[in-house]
Peer 1: 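Pasting a structure here, questions to come.
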Amino acid sequence: MTNAAPNERELARLQLYQTIAAIPEGKVATYGQLAMLAGQAGAARWVGSCLRKLPPDSKLPWQRVLRAGGKLAFPENSAAYWRQRHLLESEGVLLQNHKVNMRRFQWQP
DNA sequence: ACCCTGACTATCT
DNA sequence: GAGATAGCCAGGG
């Protein structure tokens with residue numbers, strides 16, 4: 001370890017993973033929401049970077065993480081978009097006009 | 001230390 | 001309601 005200070009950052013990352021794992025099937029959360037729950041309010045982009053680093057075989061329900069407006073974070077023409085969309089729909093999270101109705105599907109811990 | 005990038009957001013046209 | 005803009009945090013070159 002190069003850091004003398006105890007890694008606040010890594011601790012937050014673990015808490016982030018833990019929080020994401022707690023999102024129930026059929027519900028979704030936003031990047032900003034998760035950042036706040038992980039004690040890193042305002043760090044929505046940090047959440048995204050953490051998810052991007054996840055290994056392909058991760059058990060984490062990354063598909064339940066959406067943008068604030070209910071849209072997926074990927075462009076609609078990308079493979080990742082449809083991968084995530086199919087996963088969500090198989091859990092009962094439906095999309096209308098390329099976005100999820102947050103009023104209905106957002107997780108509220 | 002500086003600059004750029006990104007699985008982000010809120011606000012204003 | 002769809003773009004453009006400006007904040008935002010953390011990483012990496």
Peer 1: Is it true that A:E91 and A:R64 have a side-chain N and a carboxylate O under 4.0 angstrom from each other?
Peer 2: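 Between A:R64 and A:E91 there is a salt bridge, with a charged N closer than 4.0 Å to a carboxylate O.
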Peer 1: Measure OH/A:Y31 against C1'/B:dG6 and give the value in whole Å, please.
Peer 2: 11 Å
Peer 1: Just how far, in rounded Å, is P of B:dC8 from CG of A:L51?
Peer 2: 10 Å
Peer 1: State which residues pass salt bridge (charged side-chain N to carboxylate O under 4.0 Å, His left out) with A:R45; sequence neighbours excluded, sorted by chain then number.
Peer 2: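 Applying salt bridge (charged side-chain N to carboxylate O under 4.0 Å, His left out) to A:R45 gives none.
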Peer 1: Please report the interatomic distance CD(A:Q106) to CG(A:N101), rounded to the nearest 0.5 Å.
Peer 2: 10.5 Å
Peer 1: Go through DNA chain C in 5' to 3' direction and return only the first and the last nucleotide with some atom under 4.0 Å of chain A's heavy atoms.
Peer 2: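 It runs C:dG7 to C:dG11.
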Peer 1: Starting at the 5' end of DNA chain C and moving along, which residue's nearest nucleotide shows up first, A:K99 or A:Q40?
Peer 2: A:K99
Peer 1: A:Y31 and A:A73: which non-hydrogen atoms are nearest, and at how many Å?
Peer 2: OH-CB, 3.3 Å
Peer 1: Report the distance from atom CD1 of A:I20 to atom P of B:dC8, rounded to the nearest whole Å.
Peer 2: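 Interatomic distance, CD1 of A:I20 to P of B:dC8: 13 Å.
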Peer 1: Would you measure the distance from the C1' atom in C:dC8 across to the matching atom in B:dG6 and give it in whole Å?
Peer 2: 12 Å
Peer 1: Please give, in whole Å, the distance from B:dA10 C1' to A:M102 CE?
Peer 2: 15 Å
Peer 1: Can you tell me how far P in C:dG7 sits from the matching atom in B:dA7, rounded to whole Å?
Peer 2: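 Nearest-Å result for C:dG7 against B:dA7 at atom P: 22 Å.
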Peer 1: Report the relative orientation of the aromatic rings in A:W62 and A:F74; use parallel for angles under 30°, tilted for 30 to 60°, perpendicular for over 60°.
Peer 2: perpendicular
Peer 1: Quick one: which of B:dA10, B:dA7, B:dC8 gets closest to the side chain of A:F74?
Peer 2: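 Closest nucleotide to the A:F74 side chain: B:dA7.
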Peer 1: Give the C-alpha distance, both sets of side-chain angles, the deciding distance and a yes or no for side-chain hydrogen bond (donor to acceptor under 3.5 Å, both in side chains) between A:Q40 and A:Q15.
Peer 2: CA-CA 10 Å; A:Q40 303 296 307; A:Q15 189 172 344; over 6 Å; no
Peer 1: Send over the distance from A:M36 CE to B:dT9 P, rounded to a whole Å.
Peer 2: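 Distance check: A:M36 CE to B:dT9 P gives 12 Å.
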